[in-house]
Visitor: 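Have a look at this one before I ask anything.
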Amino acid sequence: MASLAELAAEAAACTACRLASGRTTVVFGTGSPTAELVLVGEGPGAEEDRQGLPFVGRSGQLLDRLLAEELGLSRDSVYICNVTKCRPPNNRDPLPDEIAACRHFLDGQLACIAPRVVVTLGNFATRTLLERAEGISHLRGQSYPFGGARLVPTFHPAAALRGGPTVVAQMRADLVRAKRELAAGAPAPA
Ligand code: URA
């Protein structure tokens with residue numbers, strides 16, 4: 001199995017889909033390689049493409065705040081990545097063939113890190129990993145088996161920024177669910 005570093009090096013040189021031609025940087029992922037919690041977004045935005053790091057724009061600031069407030073976790077103690085590692089032009093949705101071309105990187109990241117809980121942020125990450133066609137409003141509110149882990153779908157933070165307090169509250173509730181899942185699988189204290 002390829003290591004995270006090997007996968008990152010492969011991604012940095014990847015030209016498997018049309019997104020390669022428009023990118024500034026490949027946004028592979030960031031955080032702890034032994035994280036118990038992995039968060040998966042859609043694809044890099046403009047700021048992420050510039051910095052080479054996921055969720056560093058406005059959505060990322062909200063995500064960082066909710067992680068700290070609901071889980072007491074910093075971005076360094078979790079792992080954050082996206083379904084596509086290159087920015088779709090003008091922030092359009094990633095296309096099915098782009099998601100398929102990038103899929104082995106996400107699968108490889110999850111295999112290397114082997115988290116106990118995966119939080120999917122929005123429709124693309126949720127549909128991709130759950131292999132379901134329904135939208136996030138329908139799929140959120142519960143957790144799902146995901147290999148040896150649990151998958152907790154929630155809204156994309158950009159949707160929470162657009163949707164206001166009601167959507168933010170739902171996102172908070174989903175993160176509390178993720179916290180419960182982390183606690184449920186933890187070894188009993190000695
Ligand atoms: N939106 C995403 O889905 N991912 C990012 O990294 C930034 C914004």
Side-chain angles (χ1 to χ4, degrees), residues 4 7-8 11-12 14 17-20 22-33 35 37-68 70-71 73-110 113 115 117-130 132 135-137 139-140 146 151-164 167-168 170-172 174-175 178:
L4 272 184
L7 288 167
C14 181
C17 83
R18 67 186 76 72
L19 297 184
R23 73 179 176 228
T24 307
T25 324
V26 173
V27 181
F28 182 69
T30 190
S32 167
L37 174 63
V38 171
L39 297 108
V40 183
E42 180 178 318
E47 195 53 38
E48 290 76 19
D49 178 62
R50 258 193 296 279
Q51 294 191 36
L53 292 168
F55 285 103
V56 287
R58 279 188 72 223
S59 292
Q61 285 162 19
L62 176 62
L63 184 62
D64 286 351
R65 185 154 63 81
L66 296 183
L67 272 177
E70 301 303 337
L71 287 145
L73 294 174
S74 69
R75 64 161 49 211
D76 296 338
S77 58
V78 300
Y79 190 88
I80 306 176
C81 61
N82 284 304
V83 170
T84 67
K85 312 305 185 200
C86 295
R87 182 188 181 211
N90 305 314
N91 295 335
R92 70 154 166 75
D93 292 341
L95 300 174
D97 65 322
E98 295 160 356
I99 292 175
C102 222
R103 179 69 197 259
H104 69 292
F105 291 122
L106 178 58
D107 288 343
Q109 287 170 306
L110 292 170
I113 298 167
V117 177
V118 176
V119 169
T120 50
L121 302 164
N123 277 319
F124 283 90
T126 306
R127 288 179 178 147
T128 299
L129 289 183
L130 279 185
R132 297 269 296 256
I136 187 62
S137 300
L139 292 170
R140 66 161 290 278
F146 182 70
L151 188 148
V152 179
T154 192
F155 291 107
H156 192 285
L161 285 172
R162 280 194 306 273
V167 181
V168 173
Q170 288 173 308
M171 214 177 152
R172 284 185 189 277
D174 295 333
L175 292 176

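No hydrogens, no waters, no symmetry mates; every other heavy atom, side chains included, goes into these values. The structure displayed is predicted, hence computed values, not measured ones. Counting starts at 1 for both ligands and their atoms, in listed order.
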Visitor: Run down the list Gly43, Pro88, Pro94, Ala125 and name the one with the heavy atom closest to atom 2 (C) of ligand 1.
Guide: Gly43
Visitor: For ligand 1, which atoms, with element, lie under 4.0 Å from some heavy atom of His156?
Guide: 1 (N), 2 (C), 3 (O)
Visitor: Rounded at 0.5 Å granularity, tell me how far OG1 in Thr30 sits from CG in Leu39.
Guide: 12.0 Å
Visitor: Are Pro157 and Phe55 side-chain neighbours, meaning at least one heavy-atom pair lies under 4.5 Å?
Guide: yes
Visitor: When Leu151 is tested against each of Thr120, Val119, Val40, Leu139 for side chain to side chain contact (heavy atoms under 4.5 Å, CB included), which residue passes?
Guide: Thr120
Visitor: Return the closest protein heavy atom for atom 4 (N) of ligand 1 as residue, atom name and distance.
Guide: Asn82 OD1, 2.8 Å
Visitor: Asp93 versus Glu42: any side-chain heavy-atom pair under 4.5 Å?
Guide: yes
Visitor: Going by the order shown, which atoms of ligand 1 are within less than 4.0 Å of some heavy atom of Gly41?
Guide: 3 (O)
Visitor: At less than 4.0 angstrom from any non-hydrogen atom of Pro54, what atoms of ligand 1 do you find?
Guide: 6 (O)
Visitor: Using 0.5 Å steps for rounding, measure from the CD1 atom of Ile80 to the CG atom of Asp64.
Guide: 6.0 Å
Visitor: For a 4.5 angstrom cut-off between non-hydrogen side-chain atoms, does Ile136 reach Thr154?
Guide: no
Visitor: Return the closest protein heavy atom for atom 8 (C) of ligand 1 as residue, atom name and distance.
Guide: Phe55 CE2, 3.8 Å
Visitor: List every atom of ligand 1 that sits less than 4.0 Å from any heavy atom of Glu42, numbering the atoms from 1 in the order shown and giving each element.
Guide: 2 (C), 3 (O)
Visitor: Indicate yes or no: does an N/O atom of Ser59 lie under 3.5 Å from an N/O atom of ligand 1?
Guide: no
